Protein chains: 2
Amino acid sequence: MTTGARVLLRTLLDGGVDVCFANPGTSEMHLVAALDAEPAMRAVLTLFEGVATGAADGYARMADRPAATLLHLGPGLANGLANLHNARRAGTPMVTVVGDHALDHKPLDAPLESDIDALAGTVSVRVHRSTAPEELGADTADAIAAAAGGISTLLVPADVSWAEGDWPVGTVAEPAPPGRGALDADGLESAAKALWSGEPCTLLIGGTACRERGLVAAHRIALATGARLLAETFPPRIERGAGLPPLTRLAYLGDAAAHQLSGSRHVVLAGAPSPVTFFGYPGKRGDLVPEGAAVHRIAEQGAYGAVALEALADLVAADVAPDDVPRAALARPEIPDGELTVVTAAAVIGAELPEGAIVVDEAITSSLGLPDATAGSPRHDWLTLTGGAIGFGLPVATGAAVACPDRPVWALQADGSAMYTISALWTHARENLDITTVLFDNGAYAILRAELLGVGAQLSPDSPARSLLDLGNPRLDFAALATGMGVPAERATTPAELAGALRRAASEPGPHLVVAAVPPLVP
Amino acid sequence: MTTGARVLLRTLLDGGVDVCFANPGTSEMHLVAALDAEPAMRAVLTLFEGVATGAADGYARMADRPAATLLHLGPGLANGLANLHNARRAGTPMVTVVGDHALDHKPLDAPLESDIDALAGTVSVRVHRSTAPEELGADTADAIAAAAGGISTLLVPADVSWAEGDWPVGTVAEPAPPGRGALDADGLESAAKALWSGEPCTLLIGGTACRERGLVAAHRIALATGARLLAETFPPRIERGAGLPPLTRLAYLGDAAAHQLSGSRHVVLAGAPSPVTFFGYPGKRGDLVPEGAAVHRIAEQGAYGAVALEALADLVAADVAPDDVPRAALARPEIPDGELTVVTAAAVIGAELPEGAIVVDEAITSSLGLPDATAGSPRHDWLTLTGGAIGFGLPVATGAAVACPDRPVWALQADGSAMYTISALWTHARENLDITTVLFDNGAYAILRAELLGVGAQLSPDSPARSLLDLGNPRLDFAALATGMGVPAERATTPAELAGALRRAASEPGPHLVVAAVPPLVP
């Protein structure tokens, strides 16, 4: 005799899903109780569902396999949606388990009843409601299989969880690894012709193509054909630093991005979406493909981006060996003198970033100098805000640290964005995760100040509009917030203090937070 | 010349909507900029959208008119959905303004693009996307009119906001107040016959019927007919305390609620939904209407519940005058000696609750003794967690305090629930709101411990399941969190300390937080 809940956990474990980021409620209590019978499942408690979903995103970006989340009914899923949005844009595999009312309770329209299916549909590649305990094992296996393509949501009614019987555990089919057989020969041929044409080409890579294997192939193509190599603005994970092929990303600001792409007659896409501006602006084009240029796609976002690039490289760059590809030299900045600014702080981070670090970048305007300052730091991974839904950094760091317990995680975090999911710090402490959060405290939604200037608003000091972008009244004390959640914290006001704080954090196990007090980029 | 954004604000102001709880982003920058031209609009910044939507709920529950919210695209709306769910269950009027991508940018599938309509549809009585600046005034007026029935969502593309022209301001039709003409004569007759039948009847009231006018009519009916009077478990707002007719609510726990309703042959509903348990449990009925009992509905949830009760009272209780209705006497508990527990803390709150207070109750298991302990406190309002989506208390208190600046607001807040929207404290400080938060710190999701016991799980100290409901590792320091967001805080460990802290809070303007350290109800 077993229960639906235990069959679900057993199937997850058999399917290689052994971490669950959870914020459960009453309708999930049987799933929680089942944890005692399946100790191989690591359940990580979060205090807010957006931390759980962001953690599952960070976990899968680093582990290359899905974690599960456990969420409570529609409102619990709703709280997790913003980071599910980012995960959807990242193409992250994830098994999202949402507890639902018992099947016969659902029509009663109890207070927590809502349209879970509609919510889940906005982010999921598949939404399935299991309606019988004898099917829950197979439903779970199907959900795991579907997660290879993105967020797979399994709705589990409470009575399907609590039902006792000899229910079968599901069997997860091993998905075939994507190989050259799956490649689009027409796309490759069209891209090869463009690269051979002698006309200016840009090779725009994204998704998993931003890891070493894809970077090597992309550089071979660029070396052989003269194509310009760029990455999408916000790749899920970039392998970079000393020893790795360098990579320039498309700029966030539309004018700068248009400049990077200007003159291209062909844009070859490998795992990146066709380039568009983040927002529309009056009188400006949103589509960044230069007018008249042709677009050639060799890979959708996903695991086969590197495979497609290698196939293309074999067509157009057979004479260029992987060893011919440039690699970044180890070259750290010096610790600067003077004021702590986003520029000097970036230099400190470049100087101190440890070997094998995982950087989670939600520094927003404070990220300005970071890519250059860290380009020659020891090899590391860089995770970005793929979907633009802020509140991603501290949760994603959580999951990355759970996936890679032997690697230091650095969360580079803007102040305004941090407050959306600040309770992630408690999970950092609870799990004793090796996460160093650098909290860029500029006291403003600085990026919105820039945007407000851009719409021509007058920013007098007492302007109600300007006031709405100001975080300085009262000033948030992030060191107090961190210590209140069990994370030791200190505040740095000079580059030397920041370097010292980062070294102290690195010398002790567990999480730390360092407030980097910087002036906002837009005063 | 004006802009769409200014027309939207002007129409809101003309329609009586002069408060906007905002967490804007780039697509709302023209709406933000327009605030400088319309200083009558009070824009209240929140650090998370769930604070904005909860605040709009609390505002309208107290002001009896809608506030606006300003949210950023799909992820911003998603972050606000849990408290919109509660507002939907409360029947709260609200104008939810969601900025969207410019119309020609939307098809480009930029990173922040998502299915906003699907999200909004789960909580809204009406969702409308304005597609032309010349229609935005009328669209806004229609959105305000629709808000009389609940959450009215207006999607505003950025280019509709920024467009310059001589756009017309919308005119809001004054909605006709609901009167007896709108009543359901058949429902009233059926209810009257039930009450005359001599068979046991329960009169179950909810929504606005829980205010004085409805309470008086309900008590007249109960006195004349012998019907049992109960309120729904979680009414949006109860007027109660000394001088007001007393009211017992249906219990949260299904067994207790079933006991309250047992023996009833008729259930008359006035503004309350038909009673059901909060969750389904194995082998238990979810429908709380006793088997074989008849249900008679005289009013859906909404403003006319009191009108319907008065009409019913005139039919069945013409001989009972409003002056015959019982009223609670002023009777405060004494400050107890001994340990601070949820029972002694409730006595302290009953003893100290000031005249005219607005109580926002998200104390969950720590609310056990509160209704009795405050029944004879001076007149006050009591706002409850209508939809069960936790993280409601601190945001709703925000809005209630903005609506009623001359009244003290007491947020009675559980620790676990507080963390979902903890950044509301910053808005308390920023707006210098007269909110006293009593933070019941028991170090656990205590209600879930009870639920886990109920499913028969073994709760050994090292049980993974039990650990998942434990907030004690590390213990959250809510005083540090509050002071980190600008709210003065202290910690009370005895009834006398709690009383002293509440008096100090009452003697100073602005927000305060008092941590009440209590043992969890379920150890």
Side-chain angles (χ1 to χ4, degrees), chain A residues 22 26-27 29-30 32-33 35-36 39 43 45 47-48 75 78-79 81-82 85 89 101-102 105 108 110-112 114-115 118-119 121-122 158 162 276 278-280 282 286-287 387-389 419-420 423 429-430 451-452 455 457-458 463-465 468 473-474 476-477 480-481 483-486, chain B residues 22 26-27 29-30 32-33 35-36 39 43 45 47-48 75 78-79 81-82 85 89 101-102 105 108 110-112 114-115 118-119 121-122 158 162 276 278-280 282 286-287 387-389 419-420 423 429-430 451-452 455 457-458 463-465 468 473-474 476-477 480-481 483-486:
Chain A
T26 297
S27 45
M29 271 311 104
H30 289 83
V32 170
L35 289 170
D36 283 352
L45 178 61
L47 298 183
F48 176 68
N79 282 336
L81 281 174
H85 172 84
R89 290 295 182 185
H101 282 310
H105 202 71
L108 300 181
L112 272 163
S114 68
D115 189 348
L119 299 178
T122 64
W162 77 50
V276 302
F278 219 75
F279 295 103
D287 185 354
M419 291 304 295
Y420 289 72
S423 74
R430 176 178 166 94
E451 299 281 358
L452 193 61
V455 309
Q458 300 299 316
S463 147
L468 211 58
N473 176 30
L476 288 155
D477 180 347
L481 297 180
T483 54
M485 289 185 269
Chain B
T26 297
S27 45
M29 272 311 104
H30 290 82
V32 170
L35 289 169
D36 283 353
L45 177 61
L47 298 182
F48 175 69
N79 282 336
L81 281 176
H85 172 84
R89 290 294 181 184
H101 281 310
H105 201 69
L108 299 181
L112 272 163
S114 68
D115 189 347
L119 298 178
T122 64
W162 78 49
V276 301
F278 219 75
F279 295 103
D287 187 352
M419 291 304 295
Y420 290 70
S423 73
R430 176 178 166 95
E451 300 279 0
L452 193 61
V455 309
Q458 300 299 317
S463 147
L468 211 58
N473 176 28
L476 289 155
D477 180 348
L481 297 180
T483 53
M485 289 184 267

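Below, all heavy atoms of this structure are taken into account, side chains as well, without hydrogens, waters or symmetry copies. Chain A is the first sequence line, chain B the second, and so forth, proteins listed ahead of strands; every chain is numbered from 1. Only a predicted model underlies this, so the values are computations on that prediction, with no experimental measurement involved.
In terms of heavy atoms, H101(A) sits closest to F279(B) at CE1-CD2, 3.6 Å. Nearest heavy atoms, A465(A) versus A33(B): CB-CA, 4.0 Å. Nearest approach of A78(A) to A82(B), heavy atoms of both residues: CB-N, 4.5 Å. Heavy atoms only, all atoms of each residue included: A43(B) and L468(A) are closest at CB-CD1, 3.9 Å. In terms of heavy-atom proximity, P111(B) sits nearest to F278(A) at CG-CE1, 3.4 Å.
When D287(A), L481(A), T483(A), L81(A) are compared by the number of non-hydrogen pairs under 4.5 Å with chain B, L481(A) comes out ahead. The candidate from A118(B), P474(B), P75(B), S114(B) with the greatest count of non-hydrogen atom pairs under 4.5 Å with chain A is P474(B). When each of A102(A), G286(A), G486(A), A158(A) is scored by its heavy-atom pairs under 4.5 Å with chain B, the top score falls to G286(A). Annotation: maximal heavy-atom pairing with chain B below 4.5 Å, among H30(A), H85(A), M419(A), occurs at H85(A). Heavy-atom pairs under 4.5 Å with chain B peak, among V276(A), L112(A), D477(A), at L112(A). If you tally non-hydrogen atom pairs under 4.5 Å between each of P39(B), G280(B), S27(B) and chain A, the highest count goes to G280(B).
No side-chain donor-acceptor contact under 3.5 Å links D115(A) to the backbone of T122(B).
For the pair L119(A) and L119(B), the minimum side-chain heavy-atom distance is below 4.5 Å.
Under the 30°/60° scheme for interplanar angles, the aromatic rings of F48(A) and Y420(B) are found to stand perpendicular.
In this structure, the portions of V32(A) lying under 4.5 Å from any heavy atom of chain B include both its backbone and its side chain. Of the two parts of R430(A), the backbone and the side chain both hold a non-hydrogen atom closer than 4.5 Å to a non-hydrogen atom of chain B.
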